[in-house]
Amino acid sequence: MPPRVPLAARRALSSTIVIRFPVRSRRWFASSSDAPEIYDVVCVGGGPAGLSLLAGLKASPVTNGLKVALIEGQDLQKNRLQKDASLESFSNRCSSLTPASVRNLQEIGAWTHANASRIQPYQEMQVWDGVSDARISFDWDTARSPLTPRKPTQPTTIAYMIENVNTVTALLSRLEELGGVDVFSSTKVNSIELGADTEKLDFSSWPILSLSNGKTLAARLLVGADGANSPVRTFAGIPSRGFDYDRHGVVATLTLEGPGWGGLDHKIAYQRLLPTGPIAMLPLPGNKASLVWSTTPERAAKLKSLPPNDFAAMVNAGFRLSPTDLEYLHTLATGQEEEIAWRAKHTPFNKRSIPVRVTDVQPGTVASFPLRMRHADTYTGERVALVGDAAHTIHPLAGQGLNQGQGDAAALVRTISRAVQTGQDIGSTLALESYNSERYAENNAMLGVCDKLHRLYSVESGPVVGLRSVGLRAVNAMGPLKGFFMSRAAGGV
Amino acid sequence: MKPRNTTRALRSIHSLTAPTRHRPRPLPYVRPTVSISANPAPRLSSTISSTPDASKSSVDPTEVSHFNALASSWWDPTGPSRLLHLMNPLRHDFISRCRETTPGSPASSSQLRYLDIGCGGGIFAESAARLPHTQSVTAIDPTPEVLKIAQGHKRRDPALMASSKLTYLNTSIEDLPPPSSPEQAFDVVSLFEVLEHVNAPGPFLDHVIQHVKPGGWLILSTIARTWASWVVTNVVAEDVLGMVPKGTHEWSKYVNEQELREWFRKKEGWGSNGGIKTMGVVYVPGLGWKEVPGGEGWGNYFFGVRRDR
């Protein structure tokens, strides 16, 4: 069980981005001869949430007149997905986009810019208890009551597997098409300070950003889309609380022996809930799949050190062998492949209820990251709004992280749009209130559910295993209830 | 303040000849929790209307000091003006709704000139000046201290300072020179949360309406004078919840929607062809201001009337 000690937000100070932290000087450019360039929205961070926000603002006739800037420390062009990228190779950073997120990307005109051949919709999800084997399967046909069967026109897709680089590239392409965004790529934020009250103008509530390219910007609304260690959040003095799960997520791009039990047109996502954390295999186009295996830091280190054949064997074992077998396999120095081949022969399982075998792992894609839960105390302050990981970091168990960021961006676009239509100052806390109230409760509920699931399935024995298995089987048997859970996971279809 | 209905109502009718002063102080109230009973004596009688009084009206010194004390917190989003801030977007919704009904002038096609009477700290005036279809906003208030707050707050927005769309004037409506011709008057004259502070609404409105252009709208918001509004504004909002500063409201000064409707019905050249619109609103704690059909009969309401072309 991970420690439940809430960590103060000051961890953010360990950020690698060079920032002079929040000396909220009101005298900043009193002595500077250069007046800052004034923007309506300055977005720090060019990830999926920040880009989605800017594309949403520029795509709407209500808000496209706003003067907006994007600041990104990395080179946005360098990190783009190449048009002719081979389908034999996929990034290890993938997300499961919900239909709600996809609908938003369609509405802002970004989805058509995505490389469709690299997106894999899936129609079924199999989740089972690694200790008791109690199982729940999700698909839209069984999730309805027998009286209201699914109509052929209704969607069958649960979610869409997409590389993050594909999402980001699509959003960048859309932004270029829309135009009107001042993009400061490969540019760092050197400092953020409050402006001065001069004779002519009172900038005492305005964040003034000094950039590494020598420019200074004044932001009517400063959006922190700058990740878990958000310097914008630190500037605003908004604490972020949470804890580390003492788990790491091991990711990799896998090659399978075939497209899966449902063929190319009916793809299946698998998640086995092991006591050390869930192991998930999510379908990519063709014979490819994406792995997310949450496990202890020691086991993650072990998995990363294995040669490709042993790593692939361990993933197969993760979906097939008992927790006890898995524990033993992690202690072996080498030879996992042979050991697993022998043990698999003596372990009974239904082949069709588990993913097809992994045959290889794409070189250079095995990586791991620590799992954390963080939630900012609020998403808004005077002239500040936080979106995406700057506001919340979630356990990856339900694959909701990137979707939450997309939901944030869409909600903030709605809030800004309403403020523009009614002549409010879009940076005022009053104008931003509706964004905070809409998103905070929603994200907090999702963080809570994923955290509870993590804790529930960390237990290896005793009555909890029996109870959770009964619960899982019961939900599985009740179509409409399952439909409710699926709708929630799909972002409210 | 207790509703000594007959006496007070009579007094306010009789006080029409006394010096009048409107108080630019807004303060809406919260959701009524009582059933509505009798509607007390009328306050805005159409028979008492008169032509604008040439003599200058005076500002009640006690009311000025009341608002001076509130001035510094005018823009505090959690302060005593919070309910007004929350109501502000609805004002624009209502104006758009009124203007959409004006024949031959689509709501967004022309550049509008606004006159905001009793602008206070500038909540509405600033927001109107930010709208893309606004040509100018002239915002007036007789209380110097709140105008200072308004001017100071305007300096926080470089867009407002650069555009010179927004002009504040420290004057009462009686002292504002009337337009040289009807066409020089304003497209939108707004009077938000002012009427309930006025001693003699008839003559006051006569001053106001000469600033409305033919085809333009007078838009106001106020509170109906009912038992529900008395309990809610004076007891619940001021005493129980403390959301509204004490001593802000004088229930007997409230004006009912039917009284306004009747007053304008008898005015030549006003509100014909569907040129009168109303919208009732209530504040629901936790949800904000919500439109309530029929709410104009017993609580806070918006009233819009168009000057005939």
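Please read these numbers as outputs of a predicted model, since none were measured by experiment.
Your options are B/A128, B/S127, B/A159, and the one with the most heavy-atom pairs under 4.5 Å with chain A is B/S127.
Qualifying side chain to side chain contact (heavy atoms under 4.5 Å, CB included) partners for B/S190, counting only residues two or more places apart in sequence or in other chains: B/D116, B/F124, B/F192.
Of all residues spanning residues 420-429 of chain A, those with a heavy atom less than 4.5 Å away from chain B's heavy atoms are A/V420, A/Q421, A/T422, A/G423, A/Q424, A/D425, A/T429, arranged by number.
Summarising the local packing, NZ of A/K67 is surrounded by more than 12 heavy atoms from other residues, nucleotides or ligands at distances under 6.0 Å.
Between A/E199 and B/R155 there is no salt bridge, since no side-chain nitrogen of the basic residue lies less than 4.0 Å from a carboxylate oxygen of the acidic one.
No part of B/A129 comes within reach of chain A, as not one of its non-hydrogen atoms sits under 4.5 angstrom from that chain.
The shortest heavy-atom contact between A/E382 and B/R156 is OE2-NH1, 4.4 Å. Between A/L201 and B/M161, the closest heavy-atom pair is CD2-CG, 3.5 Å. Closest non-hydrogen pair, B/L90 versus A/R418, comes out as N-NH2, 4.4 Å. Residues A/R220 and B/R130 share a closest heavy-atom pair of NH1-NE, 4.3 Å.
Under a 3.5 Å cut-off, the side chain of A/W206 and the backbone N or O of B/D157 do not form any donor-acceptor pair.
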